[in-house]
Amino acid sequence: MSMNEFLNWVEARSPKETEFLQVIRETAESIWPFYESKKELYDNRVFQCMVEPERQLVFRVSWVDDQGEMQVNRAFRIQYNSALGPYKGGMRFHPEVNQSIMKFLGFEQTLKNSLTLLPMGGGQGGADFDPKGKSENEIRRFCNNLMMELYRHIGPNIDVPARDMGVSEREIGYLFGAYGKIKNDYTGVLTGRSLGLGGSPLRVEAAGYGNVYFAEEMLSTIGESVEEKTVTVSGYGNVAQYVIEKVNELGGKVVTVSDASGFVHDPEGVNGEKLEYLKEIKADRNGKVSDYADQFGVTFYPDQKPWSIPCDVAIPCANINDIGEEDAKALLANSCLCLVEGANRATESKAAALIKESNMLFAPGKAANAGGVAVSGLEMSQTSQRLNWEIAEVDDRLKKIMKNIHDQCVEYGDNGSKVDYVKGANVAAFLRVAEAMLSRGLD
Ligand code: NDP
């Protein structure tokens, strides 16, 4: 089967699943020559097996809102691949959640988890539920009712969900509480729990810190570092906040943050009490990023993205396809040194192709934001030990994991003039999953 025949086959089986098809195409394009060269994997059609999720669950969540009205949502759990360990991946609460986005995230997660070298398979779940504007009681009722079905399908050695967009420590707490009540069992079935519920130190910070550790590794390949660099960030949620915190700690300056309504430009940098205020408005479900501009007298640009602001490093931490072709052109025109995806698949295909032809370094989310799931994996180990490690120990392990992911990208992606991080991450991740699948017997 040629690559085009393979892509046509996938498309015929999953028509109109745009995000899913996009990620399969991108992965196929970067691994295909390597795949063909690995005769045992190729002849056994391991990649064809890998793109099909092992199990896909879709279920109704009905719940009563504060006005007494019945509300209906659709929830998902995609148990994508368990070759390397129990399924592992986030739960996303966002109105745009659909089958295509869940499959895309589950496949990416399988590869991302492989890069961490921890024993975790890949999965993803979520619901088309919008937490914005909902009361605390409504959120709790929704989480309880979702778990009424999900509990049948998860477990510490089966599938361990975690947080993702719209799901914070608070929602994980409600989901964890509901699971415990239904099963009469206090067990580490979700990660991203608060410390009081047996979570890991540094889990909240992990994705953002890990991103910046990865950016440091990338910059070091061209003799640079984060110190004194100007950084643009999109989003202002969990990943964005801790990217900003770590950039500040390393002596850089973050000058933008955004939400779905526009972006804020703060030329002096988002730091100190300003960063604390940003965290507060995000924690308030009715907060918006323009509140920051009002509070500190800086400019808010409605309905715009931050990528036209000159920067050395760009870290998109909001949603998929955040950086389009024109945004990539703006980054290149401003001589941005490196683009590090905090959000999964933040860069559209055409934008990624433009960047690939340039000198700008570009790291895909599956490599750069793997710190979140890596510390989730460390949380699973701590739960099994019934111990909490010190912050310094978790941070040290996180740094080593991010460096190791970077090393794998270099090993498989260095083309002599620059590192192709997309190819390097895809090939390294694919190889580990594929070999595990083969050695477990494919059928
Ligand atoms: P949060 O829910 O905490 O924050 C998401 C942020 O993105 C919010 O600021 C939100 O703004 C913004 N946003 C959402 N949609 C858009 C849009 N269309 N345009 C502009 N801004 C938008 O999520 P996280 O920070 O946890 O996750 C961000 C990304 O990082 C996701 O893609 C997630 O999958 C990925 N990720 C997260 C990890 C984690 O551990 N948290 C780990 C690895 C990846 P608004 O308030 O308007 O919705």
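Values in this document were obtained by computation on a predicted structure and should not be read as measured data. Ligands are counted one by one from 1 in listed order, and the atoms in each one are counted from 1 as well.
For the pair Pro161/Leu190, a side-chain contact is recorded, criterion being any heavy-atom separation below 4.5 Å from C-beta on.
The protein heavy atom nearest to atom 4 (O) of ligand 1 is Gly237 CA, 3.4 Å. Closest to atom 19 (N) of ligand 1, if we only count protein heavy atoms, is Ala260 CA, 3.6 Å. Given atom 14 (C) of ligand 1, the protein heavy atom at minimum distance is Met165 CE, 3.8 Å.
Ring-plane geometry between Phe214 and His406 is classed as perpendicular, the angle between the planes exceeding 60 degrees on a 0 to 90 degree scale with a lower cut at 30.
For ligand 1, none of its N or O atoms has an N or O atom of Asn369 under 3.5 Å away. Considering backbone and side-chain N/O of Ala207, none are found under 3.5 Å from N/O of ligand 1.
Here the side chain of Glu108 pairs no donor or acceptor atom with the backbone of Arg345 at under 3.5 angstrom.
Side-chain contact check for Asn98 and Asp128: no donor-acceptor pair (N or O, by modelled atom type) lies under 3.5 Å.
Between Tyr236 and Tyr292, the distance separating the two ring centers is not shorter than 6.0 angstrom.
Of all the listed residues (Val289, Val239, Asp303), Val239 holds the heavy atom that lies closest to atom 37 (C) of ligand 1. Distances from atom 12 (C) of ligand 1 to the heavy atoms of Cys317, Ser234, Pro316, Ala318 show the closest one on Ala318.
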